[in-house]
Amino acid sequence: MADPRFVHLRLHSEFSVVDGIVRVDEAVERARADAMPALGLTDLANVFGMIKFYRAAREAGVKPILGCDVWIANAQDREKPSRLLLLCQSRTGYLRLSELLSRAYRFNQWRGRAEIDPAWLDEGATEGLICLSGGPFGDVGRALLNDNEEQARRNAHHWCRLFPNRFYVEVQRTGDPRVDALARRTLRFASREALPAVATHPV
């Protein structure tokens, strides 16, 4: 790309009830004012704002990217789920994501969290979805934070298998020294493992 521009892929809006206050219309207008070619809406464990966001973004001339920040159940310790950022690559991906979230709300809630069982993804339910590793909240990032690069490698290649050519290691710089140090370590890890990396910033 001759003129690369940052695109926000990790936006929690007013529809992320526990941790978002950004109004969809204001986020889209800000993206338009900043000449962002696209904007992603990835609320936590829901897609309730997608229709409002899609319409607002199209009207503003900003490409809407639809997705979700999802909880991934941890069978070894239900108190410590991890996270992944799933982006819809196609209509099929949107339907897959909706199905996974519905299944999580109906059959796999834990302390009010709708968690996706990793086994569901082994059933071929990833078509049309792009997967980002979750930054410091994903199992790859957590393993690196705990100085366990071998576990990070196993986790990353597990996701690569489930999302062939659609898995990206996510890096963030938030001003938190620990997270910023993780970003540097994650980039070195991605380079060694020949994994693509993508930069996000939690909004």
Side-chain angles (χ1 to χ4, degrees), residues 1-72 82-105 112-116 125-138 141 163 166-176 179-180 183 186 196-203:
M1 183 183 292
D3 183 21
R5 297 179 184 176
F6 183 76
V7 171
H8 274 298
L9 297 175
R10 183 176 275 283
L11 168 62
H12 285 193
S13 77
E14 59 199 294
F15 292 94
S16 287
V17 181
V18 297
D19 70 351
I21 60 171
V22 178
R23 296 194 180 279
V24 166
D25 292 338
E26 293 173 359
V28 170
E29 176 53 32
R30 184 61 183 266
R32 187 200 62 75
D34 287 346
M36 283 191 173
L39 178 65
L41 178 70
T42 53
D43 281 310
L44 182 60
N46 78 76
V47 292
F48 304 147
M50 282 197 178
I51 292 175
K52 180 178 182 180
F53 168 70
Y54 185 85
R55 289 175 175 164
R58 291 295 297 261
E59 288 173 7
V62 175
K63 179 179 180 178
I65 299 172
L66 309 178
C68 190
D69 190 3
V70 300
W71 295 105
I72 302 296
S82 61
R83 304 251 284 270
L84 290 176
L85 196 69
L86 300 180
L87 302 175
C88 300
Q89 189 178 31
S90 62
R91 182 176 183 275
T92 298
Y94 170 73
L95 294 175
R96 296 277 190 199
L97 178 60
S98 298
E99 181 182 333
L100 288 166
L101 290 171
S102 297
R103 195 172 176 184
Y105 273 101
R113 292 187 303 262
E115 298 179 357
I116 293 173
T126 69
E127 182 184 355
L129 290 170
I130 295 169
C131 178
L132 276 57
S133 67
F137 303 109
F163 297 87
R166 291 175 282 120
F167 174 72
Y168 295 81
V169 177
E170 186 176 355
V171 294
Q172 298 177 0
R173 286 190 301 179
T174 64
D176 179 326
V179 175
D180 290 358
T186 300
V198 63
T200 68
H201 186 82
V203 179

| request: Let me see the working for Thr42 and Leu87 under side chain to side chain contact (heavy atoms under 4.5 Å, CB included), right down to the final yes or no. | output: CA-CA 8 Å; Thr42 53; Leu87 302 175; 3.7 Å; yes
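Proximity of Ile130 to Tyr168: side-chain heavy atoms (C-beta onward) are separated by under 4.5 Å at one or more points. At least one side-chain heavy atom of Cys68 sits less than 4.5 Å from a side-chain heavy atom of Leu101. Looking only at side-chain heavy atoms (C-beta outward), Pro64 and Leu41 stay at 4.5 Å or farther from each other. Side-chain contact between Val203 and Val22: present, with at least one pair of heavy atoms (C-beta onward) separated by less than 4.5 Å. Looking at Glu14 and Val24, their side chains come closer than 4.5 Å, going by heavy atoms from C-beta outward. With a 4.5 Å cut-off on side-chain heavy atoms, Ile116 and Leu84 do not count as touching.
With rounding to the nearest 0.5 Å, the separation of CD in Gln89 from OG1 in Thr126 is 10.0 Å. Separation of atoms CZ (Phe167) and CG (Leu132) is listed at 8.0 Å; rounding is to 0.5 Å. Taking CG of Leu44 as the start and CG of Asp69 as the end, the distance is 5.5 Å to the nearest 0.5 Å. Atom CG of Leu86 and atom CG of Leu129 lie 5.5 Å apart (nearest 0.5 Å).
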Output a table of donor-acceptor pairs, distance under 3.5 Å, between side-chain atoms of residues 49-62 and any protein atom two or more places apart or on a different chain; print 'none' if there are none.
| from | atom 1 | to | atom 2 | distance (Å) |
| --- | --- | --- | --- | --- |
| Tyr54 | OH | Arg58 | NH1 | 2.8 |

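Within a 6.0 Å sphere centred on CD of Glu127, other residues, nucleotides and ligands contribute 12 heavy atoms or fewer.
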